[in-house]
Amino acid sequence: MPATAIVTDSTAYLPEQVVSENGIHLVSLYVTLDGEQRRESEISGAAYNEFFERLRRSEEGATTSQPSVGDFLEVYEPLLAAGGDIVSVHISSGISGTVESARQARQRLIDDGKGGERIFVFDTRSGCGGQGMIAIATARAAAAGADGAATLALAERARESLRMWFAIDTLEYLRKGGRIGAAQAFLGSALQIKPILTLEEEITPVERVRTRRRAFERMVDFARERHSDGADAWVVQHIQDPESARRLVDEGRQIFGREPLFVSEIGPVIGAHVGPGLLGTGGIPLDLVG
């Protein structure tokens, strides 16, 4: 086991193989739909279609909640007992209470004399692919022997250099869920717009386009922008749109000259708030992920 263990939460949507290869530990958020609460981690990729079909039919929509303090303790305690540090990398505190739960768990372990001071909680001010890339960067640093403080510093470097964009079909799910943030400014526009957003602590509007084709073209433009900036560690994510994701990966291979760090489908917790049809991309400098 590396001197520093890396923990993240389910909203990074890292493929299982990436989690395993990098020795990353996961804590799950929760989603409630039609009165049924489940850990997001218990809803496999194969069950996403069913979840999103139920979400489309639901009049009330879905609600989500952060992991409990106890959920974090279950993960933290064995890692601390192994003797190393922990860097815990999580979805933006601007849209989720996950970071606060992690900090409360850390404090409880300090109070109980169980080494909680060796836990470094990092608010990515991001989520999904951005959070996932930061988790990978910290895992690679930890595998190279970095202690908690050095790994935390690397996480901050990765966050400072990170850019992510995503296009969605409608703002309606964000409006219903109360996570719309500054994208509120886009409400009242023509119903046919396809908002392009980013996550800078909260959901932040970038621009409006009128068609899915134009939204796809803008994702390709953003990929070129990342390559021009020297950020060649890149990802693609989607919700219920694997064909567009495949096309974007094909475009990315031509732009970056390399495979993406990962490609994945965003699951129920974030999907509950943005709805089906999301397509996103972004990247960080390659040297941050080894």
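Without hydrogens or angle criteria, Thr198 side chain to Thr204 main chain gives no donor-acceptor distance under 3.5 Å. No donor-acceptor pair closer than 3.5 Å links the side chain of Ser88 to the backbone N or O of Val121. Side-chain atoms of Thr281 come within 3.5 Å of backbone N or O of Val235 as a donor-acceptor pair. Remark: side-chain polar atoms of Ser96 are not paired, donor with acceptor, to backbone N or O of Ile91 under 3.5 angstrom.
Distance check: Arg253 CZ to Leu248 CG gives 10.5 Å after rounding to the nearest 0.5 Å. Distance OG/Ser41 to CG/Asp9: 11.0 Å, rounded to 0.5 Å. Distance check: Glu201 CD to Ser126 OG gives 10.5 Å after rounding to the nearest 0.5 Å. The OG atom of Ser28 sits 6.5 Å away from the CZ atom of Arg39 when rounded to the nearest 0.5 Å. Rounded to the nearest 0.5 angstrom, Glu251 CD and Ser244 OG are separated by 11.5 Å. One finds the CD atom of Gln104 at 10.0 Å from the CZ atom of Phe72 (value rounded to the nearest 0.5 Å).
Tracing side-chain contacts under 4.5 Å through hydrophobic residues (I, L, V, M, F, W, Y), one never reaches Val18 starting from Val27; they form parts of separate clusters. Residues Val87 and Ile119 do not share a hydrophobic cluster, defined by chaining ILVMFWY side chains whose heavy atoms lie under 4.5 Å apart. Val75 and Leu26 fall into different hydrophobic clusters, where Ile, Leu, Val, Met, Phe, Trp and Tyr residues are linked whenever their side-chain heavy atoms come under 4.5 Å apart, directly or through other members. Grouping the Ile, Leu, Val, Met, Phe, Trp and Tyr side chains by contacts below 4.5 angstrom, directly or via other members, places Trp165 apart from Leu261. Val7 and Leu152 fall into different hydrophobic clusters, defined by Ile, Leu, Val, Met, Phe, Trp and Tyr side-chain heavy atoms under 4.5 Å apart, directly or through other members.
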Under 3.5 Å donor-acceptor pairs involving side-chain atoms of residues 262-270, not counting sequence neighbours:
{"from": "Ser264", "atom 1": "OG", "to": "Tyr13", "atom 2": "O", "distance (Å)": "2.7"}
{"from": "Ser264", "atom 1": "OG", "to": "Gln237", "atom 2": "NE2", "distance (Å)": "3.0"}
{"from": "Glu265", "atom 1": "OE2", "to": "Gln240", "atom 2": "N", "distance (Å)": "2.8"}
{"from": "Glu265", "atom 1": "OE2", "to": "Gln240", "atom 2": "NE2", "distance (Å)": "2.9"}

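Remark: Ala47 engages Ile43, Ser44 in a side chain to side chain contact (heavy atoms under 4.5 Å, CB included) (not counting sequence neighbours). Arg212 is linked by a side-chain hydrogen bond (donor to acceptor under 3.5 Å, both in side chains) to Asp169, Asp241, counting only residues two or more places apart in sequence or in another chain. In this view, Phe256 and His227, Trp234 satisfy the ring-ring contact (aromatic ring centres under 6.0 Å, His included) rule, not counting sequence neighbours. Shown here are the side-chain hydrogen bond (donor to acceptor under 3.5 Å, both in side chains) partners of Thr8, two or more places apart in sequence or in another chain: Gln131. Partners of Thr32 under the side chain to side chain contact (heavy atoms under 4.5 Å, CB included) rule, at least two apart in sequence or in another chain, are Gln37, Thr63. For the side-chain hydrogen bond (donor to acceptor under 3.5 Å, both in side chains) test, no residue two or more places apart in sequence or in another chain qualifies with Gln254. For Arg218, the side chain to side chain contact (heavy atoms under 4.5 Å, CB included) partners two or more places apart in sequence, or in a different chain, are Ile196, Glu207, Val209, Arg214, Asp221, Phe222. Taking the side-chain hydrogen bond (donor to acceptor under 3.5 Å, both in side chains) definition, one finds that Ser101 meets it with nothing, sequence neighbours left out. Scored by the ring-ring contact (aromatic ring centres under 6.0 Å, His included) test, Phe122 finds no partners at all (sequence neighbours excluded).
By the 4.5 Å heavy-atom criterion applied to side chains, Lys194 and Arg210 are not counted as neighbours. Between Arg118 and Leu80, the closest side-chain pair of non-hydrogen atoms falls below 4.5 Å. A heavy-atom distance below 4.5 Å is not found between the side chains of Leu29 and Ser65. Residues Met164 and Cys128 are not in side-chain contact: their nearest non-hydrogen atoms beyond the backbone lie 4.5 Å or more apart. Under the 4.5 Å side-chain criterion, counting only non-hydrogen atoms from C-beta, Leu288 is in contact with Arg157.
Applying the side chain to side chain donor-acceptor pair (under 3.5 Å) test to pairs two or more places apart or on separate chains, those with a residue in residues 137-153 are Asn22-Arg140.
Nearest heavy atoms, Ala158 versus Ile134: CB-CG1, 4.1 Å. For Val289 against Ala233, the heavy-atom pair with the smallest separation is CG2-CB, 3.8 Å. Residues Thr4 and Ala146 approach most closely at OG1-O, 2.7 Å, considering heavy atoms. Annotation for Pro67 and Thr98: closest pair CD-OG1, 3.5 Å, computed over non-hydrogen atoms. Residue Ala135 comes nearest to Val89 through the heavy atom pair N-CG1, 4.2 Å, listed as atom of the first residue, atom of the second, then distance. A pairwise comparison of heavy atoms in Ala272 and Leu55 identifies CA-CD2, 4.0 Å as the closest pair.
Tyr30 belongs to no hydrophobic cluster, as no Ile, Leu, Val, Met, Phe, Trp or Tyr side chain comes under 4.5 Å of its own.
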Practice item. Take Glu217 and Arg213, measure what salt bridge (Lys or Arg N to Asp or Glu O under 4.0 Å) needs, and give me the verdict at the end. Key: CA-CA 6 Å; Glu217 291 171 349; Arg213 177 180 177 179; 3.5 Å; yes
Check your understanding: Run the salt bridge (Lys or Arg N to Asp or Glu O under 4.0 Å) check on Arg159 and Glu156 step by step: do they pass?
Key -> CA-CA 5 Å; Arg159 180 61 187 87; Glu156 188 57 57; over 6 Å; no
Check your understanding: Passes side-chain hydrogen bond (donor to acceptor under 3.5 Å, both in side chains), Thr64 versus His273? Steps please.
Key -> CA-CA 9 Å; Thr64 60; His273 296 295; 2.8 Å; yes
**Study point:** From CA spacing to verdict: salt bridge (Lys or Arg N to Asp or Glu O under 4.0 Å), Arg108, Asp111
**Key:** CA-CA 5 Å; Arg108 183 176 300 181; Asp111 295 343; over 6 Å; no
Check your understanding: Please walk me through it: do Arg258 and Asp232 pass salt bridge (Lys or Arg N to Asp or Glu O under 4.0 Å)?
Key -> CA-CA 8 Å; Arg258 61 184 303 111; Asp232 285 340; over 6 Å; no
Review point. Is there a side-chain contact (heavy atoms from CB on, under 4.5 Å) between His90 and Gln66 once you walk through the steps?
Key: CA-CA 11 Å; His90 298 293; Gln66 71 258 31; over 6 Å; no
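In the displayed structure, Glu243 atom CD is contacted under 6.0 Å by more than 12 heavy atoms of other residues, nucleotides or ligands.
A salt bridge links Arg57 with Glu53: the distance from a Lys NZ or Arg NE/NH1/NH2 to an Asp or Glu carboxylate oxygen falls below 4.0 Å. The pair Arg226-Asp229 meets the salt-bridge criterion, since a charged nitrogen lies less than 4.0 angstrom from a carboxylate oxygen.
Side chains of Ser93 and Asp123: a donor on one and an acceptor on the other come within 3.5 Å.
Aromatic ring pairs are classed by plane angle as parallel below 30°, tilted from 30° to 60° and perpendicular above 60°; the pair Phe52 and Tyr48 is perpendicular.
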